[in-house]
Amino acid sequence: MLAKPTQAVWSQLIIHAVFILITIVMLVPFALVIIISFSDEQSILHNGFRLIPDQFSAKAYHYFLKTPDTILRAYGVTIIVAVIGTCISLILTSTMGYVLSRKDYGLQRATSFYVFFTMLFNGGLVPFYILVTQILHLKNSIWALIIPGLLSPFYVLIMKGFMSKIPTEIIESAKVEGAREWRIYMKMILPLSKPALATLGLFILFNYWNEWFNALLFINNEQLVPLQLLLVRTMNTLDFITSRPEFATAMVSLNVDMGDFPKTSAKFAVAVLSAGPMLLVFPFFQRFFVKGLTIGAIKG
Amino acid sequence: MNNRKAGKFRDKVLSRRLKWIAVLSLAACLTFAAAGCTKSQQADGDGGADLDELIWYYPQNKANADLQLVNDEVNRLIADKVHARVKLQPVDFANYEQKLNTLVAASDPMDIVWTSNWLFPWDANARKGVFQPLDELLERDGQKLKASMSPRFWNDGKQDGKQLAVPNYQIAATRPSLIIQKRFVDKYKLDLGAIRKIDDIEPFLKQLKEGEPGIVPFGTTRGFYTNHIYGIDWRATVYRNDAAYRVLPDVTPEMKQNFALVHAWYDKGYINQDAATLNNVSDVYNKGNTAVWFDFTGKPGSEAEFKAGDGGFDVVLVPLAKPSFTGAASSMNAISRTSKHPDKAMRLLELVNTDKQLYNTLVYGIEGKHYTRLDGNYVRLNPDAGYFTNTDWVFGNIRNEYLPEGAPADKIEQTVRINDEAEVSPYYDFVFRTDDLKAELANVKAVNDEYYAALATGTIDPAKYLPIYEEKLNKAGSERIRAEKQKQLDEWVEAKGKK
């Protein structure tokens, strides 16, 4: 009688220990990034990266947050772009994917190939630039940050793949009950595709969040600079200037004493500043992943 | 049954939510579109709707919050003289080349575009036809600008006999110099006049090593071998007095001698231990504990800049060679071929280069807000006021600038004197075309990345490693590069009729 519970306790202990270890292995790098971003530059240079640095310092953050309104505005731009972009992008991706997944759509093959073709070949940077600035006239507009990322052929194909697994019978039965296409899409397809919508939504959100190159090309107005571009620019400029002897004296102009500018910890501070909000968003989406798995296709 | 009901209910909630999201995003779209409209209307109705707009791209250190204010002030200053507005479009240095390449390839409208021999390279772009020829424009709209610089400056903005860019008048000569902290010069009564070549500083380094614990006698990052101080022309790597025009190999006898000297210094402990691994030139002196260091350019007025960077210690500058004219191509403004108003762009360039108020507005911002005038030509800058470029050389003729506090009073006179004195390389218009040597150049660079810093800072023994370095260079194709250069130089000499 006594042996059984102890055995259970032991096995439970071992299982817990294994999972605790795995959790630690996953958490330590995150913790390290945050700790390094708060470390004193000199102690990093002398001792390497450590979980408990000799000296803490918030200098890196001080440099980036010196002008809080700039960085707050940049956060605002990024959030607006990411939220609007993700919403519209999900609507477009799911409608397109749905149409491609319908076997009774006559041009299914041709359209699929058209979508697929753009994955392999594209016009390149310059035609892209000309399209956005000279045909769409989006220069210096927040739409230049949203529209180019709206539809990714790869995500359309993933969506198509997921939706073609939804049995045609569902659509047919809805038709029999008198539903029009729009209603079928809204009331049947979308709810059934929640897992795919959540996954792609997360990807799309990340893409918008991390995007800075479009902003570099199209945005000259400092008010519309998104967060990532602001951080990339700051780091690039520091790298550029410190690596060129001609600019040795230009540092004075940036109001930074290069002697103790925390270059290494600044890189980690950038990582924290840019990735932090996304870490908070992720668990929210995770809820859908789990739920998505439990929703069966034909049930009840 | 129950289950289905619940499902239906959930769907209803969801579709209602979706509708909300759709409505909200639509509303957001409309607001943004409306905002866009009002903005562009405002820009159009901004006083000078009848004035043409000139777009000027140039690089900057970092974004300035008050750029728009300064831009408005500039527009006010030029309205009557140029009859145009200008739109200043600064781009960060680190992104300038990439962005401008895209804009140029897309034929984006722009009028004035900054270019140089080291960023957004001007000769390649000029060959592609990015810039307009300026000769006629200069005759018609830029007489004053033309007269403001001597031909040695204008020559650097020429290609195939056509003037394609306007050089910005600034220091255009280098004179390799030693920078010495003044406190040690005074303490050891160093005779600066007696220092004519680099070896002459050695006894002083010995004194420092013995008398000043905690002070690094000589600081360096990539050594101090430079052709200038050994009588070798910097453009063609030929001895200055060589009548045979023989192109020298990468490792010259002078280089061997220099490396041996540095290694001896390193062994005696005169040189900072981390010399081969430092990346930033300023790391050498920014702690204030370095007594002597080497500066390749010896720019007039750099004493003040070094003082600001080395912890506040005064320094003296000891030139080791006569200044050589290295060219004005390091900062130029050109007129784009996509410009609709090249004549107005030229007039604006002339004004920037000749009008003191306009030039200083571009460099320092608005008087009273971003800087204040002091006695004479001096100004006190306020770096936190929202506009601070610190790149006077990007805009135009630096002879028109106010001096920031702490700069030597004769900075401009010195610059002019050195530019005029500097020897122009007889090979000034020889251009080494390396299009067919890309692989060799990359290989040679890889070898240099591995060995050069260690050898030039004396960290490793040249007796042992210099032969290895030479052999690796040969394997990488340095001899082929030299032969090609010799061939091109011979052709150049023949074309010039010098042989």
Side-chain angles (χ1 to χ4, degrees), chain A residues 67 69-70 80 83-84 87-88 90-91 125-130 133-134 139-143 146 186-188 190-191 194 213 216-217 220-222 225 229-230 232-255 257-260 295 299-300, chain B residues 1-4 7-8 10-12 14-15 18 21-22 24-25 28-29 32-33 35-36 39 61-65 67 89-95 98-99 102-103 105-108 118 221 279-283 286-287 295-297 299 302 305-306 308-309 311 330 383-384 388-391:
Chain A
T67 44
D69 44 335
T70 318
I80 289 172
V83 170
I84 296 181
C87 292
I88 303 180
L90 271 182
I91 295 170
L125 180 60
V126 171
F128 170 57
Y129 181 85
I130 294 177
T133 56
Q134 286 163 31
K139 207 172 179 182
N140 263 335
S141 145
I142 199 161
W143 290 105
I146 296 174
M186 291 292 274
K187 295 245 155 129
M188 307 289 305
L190 279 189
K194 257 195 248 165
F213 190 69
L216 171 68
L217 282 181
N220 294 321
N221 181 353
E222 289 298 325
V225 169
L229 179 61
L230 189 77
V232 164
R233 263 178 25 180
T234 313
M235 291 314 291
N236 277 355
T237 301
L238 284 172
D239 271 350
F240 184 87
I241 288 174
T242 51
S243 62
R244 277 171 190 269
E246 304 92 299
F247 282 89
T249 48
M251 287 324 294
V252 187
S253 77
L254 291 183
N255 262 339
D257 184 4
M258 275 324 287
D260 56 16
I295 294 175
K299 172 171 93 167
Chain B
M1 228 14 223
N2 228 352
N3 221 347
R4 191 178 287 169
K8 247 186 186 168
R10 204 164 48 215
D11 291 349
K12 229 177 204 168
L14 192 91
S15 73
L18 261 177
I21 290 173
L24 276 178
S25 51
C29 294
F32 276 105
K39 236 177 217 164
N61 280 323
K62 59 164 189 178
N64 282 305
L67 178 70
Q89 299 265 258
V91 180
D92 291 3
F93 273 110
N95 306 323
Q98 189 180 29
K99 177 147 183 172
T102 314
L103 296 179
S107 296
D108 223 45
W118 54 277
T221 50
N279 283 323
N280 302 335
V281 189
S282 59
D283 285 347
N286 61 14
K287 293 188 189 72
D295 185 45
F296 287 90
T297 48
K299 194 170 74 163
S302 55
E305 290 167 2
F306 282 123
S330 55
D384 294 322
F388 184 51
T389 61
N390 205 39
T391 47

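First the proteins, then the strands, lettered A, B, ... as listed; each starts at 1.
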Closest non-hydrogen contact found for B:Gln89 with A:Asn220 is OE1-ND2, 3.0 Å

Considering all heavy atoms of both residues, which atom of B:Ala105 and which atom of A:Val126 are nearest to each other, and what is their separation?
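Shortest heavy-atom contact: CB-CG2, 3.3 Å.
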
If I measure from the heavy atoms of chain B, does A:Ser141 come under 4.5 Å with its side chain, its backbone, both, or neither?
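Neither part; nothing is under 4.5 Å.
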
Quick one: CG on B:Asp108 to CD on A:Gln134, what's the gap to the nearest 0.5 Å?
5.5 Å

Test side-chain contact (heavy atoms from CB on, under 4.5 Å) applied to A:Leu125 and B:Gln98, step by step
CA-CA 11 Å; A:Leu125 180 60; B:Gln98 189 180 29; 5.8 Å; no

Measuring heavy-atom distances to chain A, does B:Ser107 have an atom under 4.5 Å in its side chain, in its backbone, in both, or in neither?
backbone

At a 4.5 Å cut-off on heavy atoms, which part of B:Asp295 comes close to chain A: side chain, backbone, both, or neither?
neither

Please name all residues satisfying side chain to side chain donor-acceptor pair (under 3.5 Å) with A:Thr234, sequence neighbours left out, ordered by chain then number.
none

Which residues pass the side chain to side chain donor-acceptor pair (under 3.5 Å) test with B:Asp92, not counting sequence neighbours?
A:Arg233, B:Gln60

